Amino acid sequence: MSEEINEHENDAINHQTDSVETITKVTGMYKEWFLDYASYVILERAVPAIDDGFKPVQRRIMHSMKDLDDGRYNKVANIVGHTMQYHPHGDASIADAMVQMGQKELLIDMQGNWGNTLTGDRAAASRYIEARLSKFALDVVFNPKTTEWQASYDGRKKEPVNLPVKFPLLLAQGGEGIAVGLSTKILPHNFNELIDASIKHLKGRSFKIVPDFLTGGIADFTNYNDGKRGGKVRVRAKISQLDKKTLVITEIPFATTTSTLIDSIIKANEKGKIKIKKIEDNTAANVEILVHLPGGISPDKTIDALYAFTSCETSVSPLCCVIEENKPVFIGVSEVLRKSTDYTVHLLKRELEIQLNELEEQWHFASLERIFIENRIYRDIEEEETWEGVIEAIDKGLQPYTKHLKRPVVEEDIVKLTEIRIKKISKFDIDKAKQHIESLEEKIAEVKNHLAHLIDFAIDYFKRLKATYGKGKERKTEIKIFDDIVATKVVIRNTKLYVNREEGFIGTSLRKDEYVTDCADIDDIIVFRADGKMMVTKVANKTFVGKDIIHLAVFKKKDKRTVYNMMYRDGAKGPSYMKRFTVTGVTRDKEYDLTNGSKGSKVLYFSANPNGEAEVVTINLRAVGSVKKLKWDIDFADLAIKGRGVRGNTITKYSIKRVEFKTAGVSTLKPRKIWFDDTVQRLNVDGRGELLGEFKAEDKLLIAHQSGKVKAVTPNLASRFEDDMIVLEKWNPKKPLSAIYFDGEKEIYYVKRFLIEAVDKEEVFISEHPKSQLEIIATDYRPLAEVVFSKRSLDTIEVNFEEFIAIKGIKAQGNQLTKEKVKQVNLLEPLPFEEPKALASEEIDVVEEEVLSNDTLPLEITNLEHEKSEKKPTLSSEEKAKIALQKTIEKKKAKDDDSQTSLF
């Protein structure tokens, strides 16, 4: 029993001793190992080298493909297996890296299903696809003579430290990787543009490069920041209008696929951000996604909504990090191109130096061979019995003839001479030997010339690359400056807003309460209360904003055209004031006091006017004291528009009983100036681009296209314009349009003049034959045109449209001009015409400053919101007199009729 106890004790002691021995502090080891691991991932896996533009796995794939290259295709599985001799990782990572390189269509010539970057389809298994090096890769990437070699990871093979790439390959392919503590994202650039930039750098000129994507699309590189940290590239799909109910997407943004794009559109539709009927994916070799719209949905607005709420617009943040001298560095793409170009010049110089050395060696031995055979020095060795004697005899025989050689004769040269065959000596041709030496001298002179003019040689090298491989590598991504799309302006109003005015709640879930308007879940709502307070809050299911709500609406930021007319009492018994103001910007959920700030203030009258209208109201005072005038009218048009913080003009110091709406007014705002920015092809009110004119509510915009379509539409800042638009100006309904067009069916040129009869409707004013085409269109009153014929025997004619044809309907064919072939038609200076001047209306500007006013007017105003009747146009004094006279006559006639009726 005691022996068993002792055994158990010994086992416990041994176990305790073993556990103590295995405890090891890992603090220092962790620090060292983590740094080693981080360095390994950065240098050997994730980040490309600046010299050749490759990550280690890519470099090893290219080296393996060169090893296996025999001009024929190799199974990718074989290439992957061969690469594993150099790359200490699994076959899957090698195969994926190779597929990505192949899909960039630059270094690898592919055969089989390599996947589709447009649809996101994966490549077939590596055993089913084949590859070989492209001609460009063989020309640019490899040169064993200039390659620095190192042992592979297991020491069995030699692999390149860097490949001698004579091209800015890193920028052409792009690169992306995530390491430990840093990442890199270098966007791909255009092949031909990189060559042009390299040539400019070699010539000492400045250059600028921007990315180019194989998927095409449209990109805004304004904030590219040379590819450095903090830059941003906005990329959009190319969307066009197929017809009134169909949009077509023909190019997609970088780093997206048709599948992810369609998914994002479906999600946006499900959330109510956009409204579509169905979507079709017809993508094959090229992208074609059809988006069908339901009736009543604007295609222009839907295009903006697709950019705002789906992957049709994406943002890419570049971050150029590369390995230089075994360290990661963050530099711009311009600097990468300079270093790559300089490295190419360095490699070209080394190649020339190696070539020169080889040519000089060839020349040296050819000269020795000629001396050796021509002077029959080989006979001097006949009596020599030892090898040393043979070498010495040849060396002694050469000495009289070696003064013109470029270097001394060494033993190695003599050994090579002894290896010349008797057959070559017997058939030696002195003339051919001289010619060979002369050709070598020419080549040596050429190489020396290249070395002396190295920069010119490098420029010619880049030009050769562009001429040989640049075809088919034109820019695919269109460069454009984007306008900012305001999401709240293009979102579909997918929910309804309700209000409980007494309790002070607003929201989308209050369905039993008063309906206000349709809104979107990203909208802001502006609220005005009876106590003179205002606030802006985001749409929610239910939000408390304060009791006694008198007005609420969807808030439009920076809106200077919506004018609020307001009358309020200052405090419980103070004077009353009136003011007109705009609300352009506020802090969300902050309460603003629109009164003078006194306790007990109350709003007596309030109206919101989307176009700056100014109504007339009637003031009714309480009959107190000695006040004689208890009622009068006030016109808001007499009041200037100022900021929301002004106190306003005094109406009266007496108590107001009520304020009554009397008559609606017209807009007191100036007509809105609209510009067209040709850079982004959009209308704006910010002064960018060409001024189109000042537009009132009833004014239209004239748009004509090269295809023969014309329309007069209401200006809309969200409108998009087709590429073939040739006329964009303010429409004058009385000004005729003049055109010369070719009728494809009759093969005759016609002249026509017409007026647009139907507004907001697109019409075609030339014949609809496929070969019909518009030559010119003029919008002047009295235009002139010059017609130049193809036949030189025919004189140029001048067409006066006013005399040639009268104004007819838009569908009229017009008058025949000629059957002869016309070379070109040019518009000349129009004949003078004095346009009748329109009567100017009184206008009031919006005053932005927020200044307290002490002006006193015999006014008094207030009460709650009213319903306004249709606004009436401003009439001249003569027109008013005629109307008054007509009313008097009608009243008198009606009175006479009544008196006659009463007699019966």
Side-chain angles (χ1 to χ4, degrees), residues 66-67 138-139 142-151 158-164 166 343-458 460-461:
K66 180 63 175 173
D67 279 351
L138 290 169
D139 189 1
F142 304 100
N143 188 341
K145 296 174 184 177
T146 58
T147 302
E148 184 182 350
W149 302 90
Q150 64 183 2
K158 293 286 186 182
E159 65 172 338
V161 177
N162 284 309
L163 287 168
K166 302 184 291 294
Y343 184 62
T344 299
V345 173
H346 167 70
L347 289 173
L348 290 172
K349 183 180 179 182
R350 284 187 61 191
E351 288 181 358
L352 288 171
E353 288 172 346
I354 291 169
Q355 185 183 359
L356 177 61
N357 185 56
E358 289 174 348
L359 288 170
E360 287 181 339
E361 285 299 311
Q362 291 176 29
W363 179 88
H364 180 77
F365 185 73
S367 300
L368 279 179
E369 186 181 63
R370 179 187 168 191
I371 295 167
F372 181 71
I373 298 174
E374 189 177 346
N375 296 289
R376 300 184 180 185
I377 296 172
Y378 53 83
R379 289 184 176 178
D380 296 346
I381 65 174
E382 292 175 356
E383 298 178 359
E384 298 295 333
E385 295 180 357
T386 62
W387 176 250
E388 289 78 8
V390 170
I391 299 298
E392 188 178 344
I394 295 173
D395 185 27
K396 188 176 179 181
L398 290 174
Q399 284 180 4
Y401 310 103
T402 57
K403 292 180 181 178
H404 70 287
L405 297 181
K406 297 177 181 178
R407 69 172 176 82
V409 179
V410 295
E411 185 176 342
E412 189 179 335
D413 298 329
I414 298 172
V415 172
K416 287 176 70 177
L417 289 174
T418 62
E419 294 171 355
I420 300 174
R421 294 184 178 182
I422 300 296
K423 185 179 180 180
K424 186 174 183 180
I425 294 173
S426 62
K427 292 187 176 182
F428 185 74
D429 189 332
I430 296 176
D431 293 333
K432 282 186 179 180
K434 285 182 178 180
Q435 289 176 5
H436 177 57
I437 292 171
E438 287 173 359
S439 67
L440 289 174
E441 288 174 348
E442 289 175 2
K443 289 178 181 178
I444 290 170
E446 184 181 359
V447 172
K448 285 183 175 179
N449 182 62
H450 291 331
L451 283 168
H453 304 86
L454 187 59
I455 299 301
D456 292 335
F457 177 73
D460 292 337
Y461 167 79

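Below, all heavy atoms of this structure are taken into account, side chains as well, without hydrogens, waters or symmetry copies. It should be emphasised that the depicted structure is a prediction, and the values quoted were computed from it without experimental measurement.
Counting heavy atoms from C-beta on, the side chains of Phe372 and Thr418 never come closer than 4.5 Å. Under the 4.5 Å side-chain criterion, counting only non-hydrogen atoms from C-beta, His450 is in contact with Glu446. Using a 4.5 Å heavy-atom cutoff, the side chains of Pro160 and Trp149 are in contact. The shortest distance between side-chain heavy atoms of Arg350 and His346 falls below 4.5 Å. Side-chain contact check for Val390 versus Ile414: every heavy-atom pair is 4.5 Å or farther apart.
In plain terms, the two heavy atoms of Phe142 and Lys66 that are nearest each other are CE2-CB, 3.6 Å. The minimum heavy-atom distance between Tyr343 and Leu163, with the atom names listed, is OH-O, 4.3 Å. Contact detail for Leu405 and Ser367: the closest heavy-atom pair is CD2-CB, 3.7 Å.
Interatomic distance, CD of Glu353 versus NZ of Lys145, reported as 14.0 Å (0.5 Å rounding). To the nearest 0.5 Å, the span separating CG on Leu352 from CG on Leu359 amounts to 10.5 Å. Summarising the geometry, atom CD belonging to Gln355 is positioned 9.0 Å from atom CG belonging to Leu451; distances are rounded to the nearest 0.5 Å. Of the inter-residue distances, the one linking Thr386 atom OG1 with Glu392 atom CD reads 8.5 Å to the nearest 0.5 angstrom.
Residues meeting the side chain to side chain contact (heavy atoms under 4.5 Å, CB included) test with Arg407, sequence neighbours left out: Glu361, His364, Val410, Asp413.
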**Study point:** Residue pair Val345, Phe457: steps toward the side chain to side chain contact (heavy atoms under 4.5 Å, CB included) verdict
**Key:** CA-CA 9 Å; Val345 173; Phe457 177 73; over 6 Å; no

Practice item. Test side chain to side chain contact (heavy atoms under 4.5 Å, CB included) on His436 and Glu369 and set out the steps. Key: CA-CA 12 Å; His436 177 57; Glu369 186 181 63; over 6 Å; no

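Within 6.0 Å of atom CD in Glu360, more than 12 heavy atoms from other residues, nucleotides or ligands are found, so the atom counts as buried in its surroundings. Within 6.0 Å of the CD atom in Gln150, the count of heavy atoms belonging to other residues, nucleotides or ligands exceeds 12. The number of heavy atoms from other shown groups lying within 6.0 Å of NZ (Lys406) is above 12. Heavy-atom contacts from other residues, nucleotides or ligands closer than 6.0 Å to CD of Gln399 number more than 12.
Of the possible polar contacts, none joining the Tyr461 side chain to the Thr344 backbone as a donor-acceptor pair under 3.5 Å is found.
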